[in-house]
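Below you'll find the structure, written out as structure tokens, and then a few comments.
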Amino acid sequence: MNLILFGPPGAGKGTQAEVLINKYKIVQISTGDMLREEVKLGTELGKAAKSIMDKGDLVSDEIIISMIEKRIIKPDCKNGFILDGFPRTLKQAIDLDNILNKLDIHIDKVIEIDVDEDVLLKRITKRALESKISRDDDNSEILKNRILVYKKDTLPVLEYYKNLNKLLSIDGMQNVEDVSKDIQKILT
Ligand code: AMP
């Protein structure tokens with residue numbers, strides 16, 4: 001099963017991905033995690049990405065697509081994968097389709113976790129306070145920019161999948177367990 005988890009920053013994509021990887025024995029592919037790893041390792045890519053990530057802007061489509069292209073062909077993706085935080089632009093969505101077509105792989109479902117802005121701000125502020133591994137982009141000013149970027153660049157991707165009849169929306173304002181239950185309902 002190949003899925004895309006879709007939603008604004010702080011919607012709970014990471015938490016839900018964790019539930020799904022355990023249940024379906026598939027892997028999570030988070031472009032955010034991959035970029036943070038590059039930053040940690042101090043690679044050229046990481047250095048270039050860090051200042052962009054710290055502002056809450058998007059890393060270039062070329063960098064992201066080339067990372068995904070290499071990751072998706074790894075053997076651990078054979079049983080299925082969850083894309084988390086990708087695609088974030090229309091260009092990424094279209095490029096992803098081209099890559100998957102060549103590999104004869106298909107996305108089964110795109111799941112949108114729908115949460116409103118006030119709830120997001122509260123959640124991310126809490127996450128910043130609680131997180132042991134602090135994220136440089138977890139503060140409310142940067143979050144506001146991330147939400148703006150989401151609306152401008154990423155919402156068109158939702159329309160794209162809606163038109164392809166692949167989009168399913170879940171009420172992300174419920175507690176974690178109920179969001180999980182709703183996701184599993186639509187996957188069975
Ligand atoms: P995330 O952990 O998914 O919230 O991503 C953290 C940051 O990494 C984002 O704010 C972007 O700067 C960058 N990033 C992650 N995924 C992408 C993507 N698909 N396209 C562009 N930038 C990304």
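Numbering of ligands and ligand atoms starts at 1, following listing order. Numbers here simply count residues along the sequence, with the first being 1. Bear in mind the structure is a predicted one, so any value in this text is a computation, not a measurement.
Counting only non-hydrogen atoms, the option in V59, D57, L35 that gets closest to atom 11 (C) of ligand 1 is D57. Of the listed residues (K13, K91, R88), the one carrying the non-hydrogen atom nearest atom 1 (P) of ligand 1 is R88.
Residue-ligand proximity, Q92 to ligand 1, at heavy-atom distances under 4.0 Å covers atoms 18 (C), 19 (N), 20 (N), 21 (C). Per-residue contacts place G85 under 4.0 angstrom from the following atoms of ligand 1 (heavy atoms of the residue considered): 16 (N), 17 (C), 18 (C), 19 (N).
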Pair I170-E112, side chain to side chain contact (heavy atoms under 4.5 Å, CB included): steps then yes or no: CA-CA 6 Å; I170 299 284; E112 178 202 10; over 6 Å; no

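The side-chain hydrogen bond (donor to acceptor under 3.5 Å, both in side chains) pairs that include a residue from residues 58-69 are D61-T89, D61-Q92, where partners are two or more places apart or lie in different chains.
Below 30°, between 30° and 60°, or above 60°: for Y161 and F6 the angle between ring planes is above 60°, a perpendicular geometry.
Any N or O atom pair closer than 3.5 Å counts here, and I64 shares no such pair with ligand 1.
Across L3, L164, L83, a single residue satisfies side chain to side chain contact (heavy atoms under 4.5 Å, CB included) together with I107, and that is L83.
Heavy atoms of R36 approach ligand 1 to within less than 4.0 angstrom.
Hydrophobic clustering, defined by side-chain heavy atoms of Ile, Leu, Val, Met, Phe, Trp and Tyr closer than 4.5 Å, groups V149 together with L58.
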